[in-house]
Amino acid sequence: MLKGVRRLLKDKLARIGLVVIALFVLSALFAPFIAPYDPLDQNLRNTLSSSSASNWLGTDLLGRDILSRILYGTRVSLLTGIFVVGTVSVTGCTLGSLAGYYGGTTDRVISQVTDVVLTFPGLILAMAIAGMLGPGLFNAMVALAMTGWPSYCRVMRGQVLAVKQKDYVEAARASGASDFVILTRHIVPNCFSPIVVMATLGMGGIILAAAGLSFLGLGAQPPTPEWGSMLSDARPFLLRAPHLAIYPGIAIMLVVLSFNLVGDGLRDALDPRRAEQRG
Amino acid sequence: MLRKYISRRIGAAFATVWLATIVVFFLLSLVPGDPVFLMLMEAGGLPPTPEQLSETRARLGFDQPTHVRYMIWVRNMLRGDFGESMQTGLPVATMLRSAFGATIQLALASMVVAIVIAFPAGILAATKQNTIADSAARFGSLLGLSMPSFWLALLLMLLFGLQLRWLPVFGFGTLRHLILPALTVGTGMAALSARLIRSSMLDVLKEDYIRTARAKGLSERVVIWVHALKCAMIPVITILGLQLGFALGGSGIVETVFAWPGMGRMMVTAIFARDFVVVQGVTFMFAVTITTANTLVDILYVYLDPRIRY
């Protein structure tokens with residue numbers, strides 16, 4: 001693992017990704033100190049203005065400062081990502097290891113449920129769930145958590161199936177260790193590399209999905225500063241105030257791209273054979 | 001053997017669709033409060049009278065126990081009856097028919113865009129492995145995957161619709177209306193596919209018969225475009241399946257931005273109108289479409305790759 005980290009730091013693109021993520025985390029933590037204005041403060045005498053000395057990225061329909069709203073929006077996006085990725089990776093890994101370890105009926109039931117969730121394309125099931133629960137950031141997070149776990153479950157199941165055959169697991173079983181000990185001490189810790197990669201790429205995916213739900217009006221509600229809903233607010237003023245439609249999108253893309261770069265780098269770092277092929 | 005595999009695959013597809021009906025049916029139980037009350041309230045704009053409420057409950061089968069209601073619901077769907085929209089009064093099946101056409105039209109056009117971009121990019125990256133072209137293709141595809149579709153949509157509208165005035169910003173009907181939404185979806189798809197095409201091509205280039213072809217003295221162009229591509233095409237069938245999933249999965253957002261009258265927009269409209277019967281119908285239709293596509297891909301695969309035997 002440590003070797004993996006060192007290899008990751010050699011990847012130039014992954015390094016850039018890490019730096020950008022660090023910057024976003026800092027701006028989320030210190031938003032109140034960095035942001036020039038309160039993100040909710042309206043100034044109706046200065047609406048839809050473009051970049052200026054007082055408002056670097058301009059103002060929106062209610063005269064709120066775009067830069068401040070983007071900085072505060074980092075909080076919503078990162079917290080959503082962490083909450084959802086945390087939930088789905090734990091759920092998925094637990095179910096996946098149970099399916100892989102016990103096999104038989106347990107495996108059949110879990111795999112069947114996984115398949116069913118995957119028959120609904122992309123955001124569709126999350127949209128349906130969020131829609132039924134009613135619009136709101138928390139409901140959107142619940143919807144993404146309910147639909148995001150199957151891919152983790154599948155990968156974990158495959159990992160456990162492979163590791164289960166290893167000699168040291170056989171040895172542990174022969175020495176009389178219980179199923180629980182074998183799973184948690186000997187199998188799961190050896191299955192984590194692909195999960196770490198998936199979770200890193202998953203942060204990008206979930207941030208994108210959550211912004212999409214908010215863009216549709218199913219996620220964060222006004223006046224919460226959130227990137228997706230800021231872009232949605234920009235739609236009626238595309239020609240008059242294009243800056244409204246540009247900056248929040250850049251923020252989303254930068255964060256997601258950074259997680260993708262780091263995830264991609266991690267995959268190569270943790271699986272040197274692949275890296276050789278990729279160069 | 002082959003026939004047995006195919007019939008087993010089709011059987012599995014039916015089982016999946018059946019399980020999907022259970023998921024879709026229970027979606028309604030996520031609604032906080034009485035769904036029938038909420039639907040009537042939203043459709044009429046006023047709280048429904050007790051008579052209206054009990055009449056609609058009876059019509060939708062809500063006076064029955066849950067399992068009976070499920071049976072009636074499935075039986076009606078088997079007959080092609082998906083219920084009626086509370087908002088428009090139209091049968092959901094009728095609405096689905098036109099929306100399905102629009103969604104598939106957009107998906108196919110996006111696939112064309114994706115293939116035009118992804119194939120040259122993926123093949124170039126594989127044949128010029130570890131060069132600047134390869135890195136550019138890698139970074140470009142990551143960029144495409146990281147770009148929110150709704151943002152790309154707004155940028156394209158801004159540039160081609162409002163600044164240059166070349167294309168209509170939204171609407172449906174002509175080829176010109178199709179271009180911007182197809183570019184939006186196609187870019188994301190191309191990013192996804194170029195990576196897969198590249199790695200599939202890299203795998204093939206390592207095979208013995210490629211070395212044989214080169215040793216025979218064939219030109220590099222023939223080796224790559226004829227011998228290698230033919231085998232690298234097989235996983236591409238999977239890519240087409242994935243692309244359809246991508247197009248359908250993002251349809252809610254893209255169709256809403258461009259006012260494209262497909263299933264995704266139908267779903268979003270129904271969600272905000274609290275028209276739960278329609279939401280259920282569309283969600284189920286999405287599952288049926290994906291299951292059908294996946295099954296076809298699996299079956300095609302067996303025909304195309306003689307190495308796979310079941």
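Naming convention: chains lettered A, B, ... in sequence-line order (proteins, then strands); numbering from 1 in each chain.
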Return yes if some donor-acceptor pair links the side-chain N/O of B:Ser29 with the main-chain N/O of B:Phe26 below 3.5 Å, else return no.
yes
Measuring heavy-atom distances to chain B, does A:Pro135 have an atom under 4.5 Å in its side chain, in its backbone, in both, or in neither?
side chain
Highest number of heavy-atom pairs under 4.5 Å with chain A among B:Leu38, B:Leu154, B:Val17, B:Leu248 belongs to B:Leu154
The interface call for B:Val257 against chain A, heavy-atom contacts under 4.5 Å, is both
Below 4.5 Å, heavy-atom pairs only: which of B:Val31, B:Leu143, B:Leu145 has the largest tally toward chain A?
B:Val31
When only pairs under 4.5 Å are counted, which of B:Thr291, B:Val279, B:Leu27 shares the most heavy-atom pairs with chain A?
B:Leu27
What residue, out of B:Pro32, B:Gly250, B:Gly245, B:Ala15, has the most heavy-atom pairs lying under 4.5 Å from chain A?
B:Pro32
Are the charged groups of B:Asp134 and B:Lys128 less than 4.0 angstrom apart, N to O?
no
Side-chain donor or acceptor of A:Thr59 paired with backbone N/O of A:Ser49 under 3.5 Å:
yes
Between B:Phe272 and chain A, which part of the residue has a heavy atom less than 4.5 Å away: side chain, backbone, both or neither?
side chain
Among B:Leu142, B:Val268, B:Leu152, B:Thr256, the residue with the most heavy-atom pairs under 4.5 Å to chain A is B:Leu142
Against chain A, label B:Leu155 side chain, backbone, both or neither, depending on which of its atoms sit under 4.5 Å from a heavy atom there.
side chain
Specify whether A:Trp227 and A:Phe24 have parallel, tilted or perpendicular ring planes, treating 30° as the upper limit for parallel and 60° as the lower limit for perpendicular.
perpendicular
Toward chain A, the part of B:Met267 with a non-hydrogen atom under 4.5 Å:
side chain
Pick one of side chain, backbone, both or neither for B:Ser251, based on which atoms fall under 4.5 Å of a heavy atom in chain A.
side chain
Please classify the contact between B:Val23 and chain A as side chain, backbone, both or neither, with a heavy-atom cut-off of under 4.5 Å.
side chain
Step through the shown structure and confirm whether more than 12 heavy atoms of other residues, nucleotides or ligands are within 6.0 Å of CD1 on B:Ile132.
no
Strictly distance-based, threshold 3.5 Å: is any side-chain N or O of A:Arg15 a donor or acceptor partner for the main-chain N or O of A:Leu9?
yes
Which label fits A:Phe83 and A:Phe138: parallel for a plane angle under 30°, tilted from 30 to 60°, or perpendicular past 60°?
tilted
Have a look at A:Ile206 and tell me which of A:Val88, A:Val84, A:Ile82 forms a side-chain contact (heavy atoms from CB on, under 4.5 Å) with it.
A:Val84
Check whether A:Leu218 gets within reach of chain B through its side chain, its backbone, both or neither, counting any heavy atom under 4.5 Å.
both
Begin with the C-alpha distance, continue with both residues' side-chain angles, and end with the deciding distance and a verdict on ring-ring contact (aromatic ring centres under 6.0 Å, His included) for A:Phe120 and B:Phe286.
CA-CA 6 Å; A:Phe120 298 93; B:Phe286 271 114; 9.0 Å; no
Side-chain donor or acceptor of A:Thr224 paired with backbone N/O of A:Ala220 under 3.5 Å:
no
Side chain / backbone / both / neither for A:Leu261 at chain B, heavy atoms under 4.5 Å
both
Pairs of heavy atoms under 4.5 Å with chain B: top-ranked of A:Ile250, A:Leu254, A:Asp115
A:Ile250
